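Written out below as structure tokens is the structure these notes cover.
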Amino acid sequence: MVQKYKSPVRVYKYPFELVMKAYEKRFPTCDMIPILYDSEIIHEEKSEDGAIHIIERRCKLNVDAPYLLKKMSGIDYFYCIQRNTLDRRKRTLTIEAWNESFASRINIKEHCTYYVHPENPDWTCFEQSASLEVKSFYGLESAVEKLAAKHYAANVNKGKEIIEFHIEELKKQNITYVPPFVDQITHNEKDLNYSNYSII
């Protein structure tokens with residue numbers, strides 16, 4: 001059976017670009033996220049104009065699981081992959097995450113989106129949802145589901161606090177504004193525009 005989770009839309013009263021600057025502070029590790037033991041970038045690409053930035057990370061999680069569960073699974077850490085797609089032009093960040101550990105036994109998917117508030121361009125919205133399907137786990141399926149629900153709830157509650165904390169840290173560094181993305185006009189495009197005019 002697939003368990004689904006969805007958190008309410010969260011609103012930050014800060015512009016999207018400043019929220020993104022604060023979001024970046026949580027990597028590779030963050031003291032406020034003790035479950036995130038480490039992370040490494042395994043793939044990164046940028047569009048030529050710099051508008052699109054994609055980063056894939058392999059995250060090493062120190063899951064607070066019962067000793068019996070860790071012993072039966074034979075691991076101390078849980079690994080997942082997180083793929084972030086930042087579209088600076090559209091001012092959106094899409095986050096997709098899925099488990100690498102026990103992929104044949106458990107299917108965990110998380111989807112998050114940061115985007116500009118539809119009624120206030122200086123605010124940022126955040127939506128988060130996840131699904132969990134435990135196919136088989138040594139007869140401990142119920143325990144795994146409860147553990148996942150516990151961590152998801154903790155993650156939801158902690159997320160806003162972490163962004164707010166890092167925004168305050170940026171303010172201490174006198175960073176209160178990050179300019180939005182602006183398309184660059186190439187020399188060829190400029191020449192093309194000038195060709196539309198004739199000198200009389």
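Keep in mind it's a predicted model, so treat the numbers as computed, not measured.
Using a 4.5 Å heavy-atom threshold, the side chains of Glu169 and Lys25 count as separate. Under the 4.5 Å side-chain criterion, counting only non-hydrogen atoms from C-beta, Val11 is not in contact with Thr124. At a threshold of 4.5 Å between non-hydrogen side-chain atoms, the residues Arg26 and Ile162 count as touching. With contacts defined as side-chain heavy-atom distances shorter than 4.5 Å, the pair Cys125/Pro118 qualifies. When side chains are defined from C-beta on, Ile108 counts as touching Phe78, because their heavy atoms get closer than 4.5 Å. Contact of the Glu44 side chain with the His53 side chain is registered, since non-hydrogen atoms from C-beta on lie closer than 4.5 Å. In this structure the side chain of Cys112 reaches within 4.5 angstrom of the side chain of Phe126, judged on heavy atoms. Here the side chains of Leu132 and Ile106 are in contact, with some heavy-atom distance below 4.5 Å.
With hydrophobic clusters built from ILVMFWY side chains whose heavy atoms lie under 4.5 angstrom apart, Ile52 does not share a cluster with Leu93. One hydrophobic cluster, built from ILVMFWY side chains closer than 4.5 Å, cannot hold both Tyr177 and Ile167; they sit in different ones. Met20 and Trp123 fall into different hydrophobic clusters, where Ile, Leu, Val, Met, Phe, Trp and Tyr are joined by side-chain heavy atoms under 4.5 Å apart, directly or via other members. Transitive grouping of hydrophobic side chains (ILVMFWY, heavy atoms separated by less than 4.5 Å) keeps Ile42 and Tyr79 in distinct clusters. Under the 4.5 Å side-chain heavy-atom criterion for ILVMFWY residues, a single connected hydrophobic cluster contains both Val178 and Leu86.
In this structure, a donor-acceptor pair under 3.5 Å is absent between the side chains of Glu24 and His166. In this structure, a donor-acceptor pair under 3.5 Å is present between the side chains of Ser47 and Asp49. Residues Gln128 and Glu110 bring a donor and an acceptor atom of their side chains to less than 3.5 Å of each other.
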Inset, instruction - Check step by step if side-chain contact (heavy atoms from CB on, under 4.5 Å) holds for Glu56 and Ile41. - result: CA-CA 6 Å; Glu56 268 190 26; Ile41 295 175; over 6 Å; no
Legend entry - Worked check of side-chain contact (heavy atoms from CB on, under 4.5 Å) between His111 and Trp98: CA-CA 9 Å; His111 183 87; Trp98 59 93; over 6 Å; no
Inset, instruction - Might you work through the ring-ring contact (aromatic ring centres under 6.0 Å, His included) test for Tyr23 and Phe27, ending with a clear yes or no? - result: CA-CA 8 Å; Tyr23 174 81; Phe27 300 105; 5.6 Å; yes
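In this structure, Asp38 contributes its side chain and Cys59 its backbone to no donor-acceptor pair below 3.5 Å. A donor-acceptor pair is defined here as one N or O able to donate and one able to accept, closer than 3.5 Å; no such pair exists between the side chain of Thr94 and the backbone of Thr113. Judged purely by atom type and a 3.5 angstrom limit, Asn84 has no side-chain atom pairing as donor or acceptor with the backbone of Ile95. The backbone N or O of Ile55 lies less than 3.5 Å from no partner atom in the side chain of Arg83, so there is not a single donor-acceptor pair.
Note on Glu40 versus Arg57: no salt bridge recorded, every NZ/NE/NH1/NH2 to OD/OE distance being 4.0 Å or above. A salt bridge does not link Asp122 with Lys13: every distance from a Lys NZ or Arg NE/NH1/NH2 to an Asp or Glu carboxylate oxygen is 4.0 Å or more. The pair Glu17-Arg91 meets the salt-bridge criterion, since a charged nitrogen lies less than 4.0 angstrom from a carboxylate oxygen.
In this structure, OH in Tyr77 is found 11.0 Å from CG in Leu61, a value given to the nearest 0.5 Å. Put simply, CD on Glu168 and CD on Gln173 are 12.0 Å apart, with the number rounded to the nearest 0.5 Å. The CG atom of Asn107 sits 13.0 Å away from the CD atom of Gln3 when rounded to the nearest 0.5 Å. Once rounded to the nearest 0.5 Å, the distance linking NZ of Lys60 with CD of Glu100 reads 12.5 Å. One finds the CG atom of Asp87 at 9.5 Å from the CD1 atom of Ile54 (value rounded to the nearest 0.5 Å). Rounded to the nearest 0.5 angstrom, Leu18 CG and Lys171 NZ are separated by 8.0 Å.
Taking the six-membered ring where the residue is Trp, Tyr12 and Tyr114 present parallel rings, their angle staying beneath 30° rather than reaching 60°.
Heavy atoms of other residues, nucleotides or ligands lying less than 6.0 angstrom from CD of Glu119 number 12 at most.
Between Tyr115 and Phe16, the distance from one ring center to the other does not fall under 6.0 angstrom.
The shortest non-hydrogen separation linking Gly50 to Arg88 is O-NH1, 2.9 Å.
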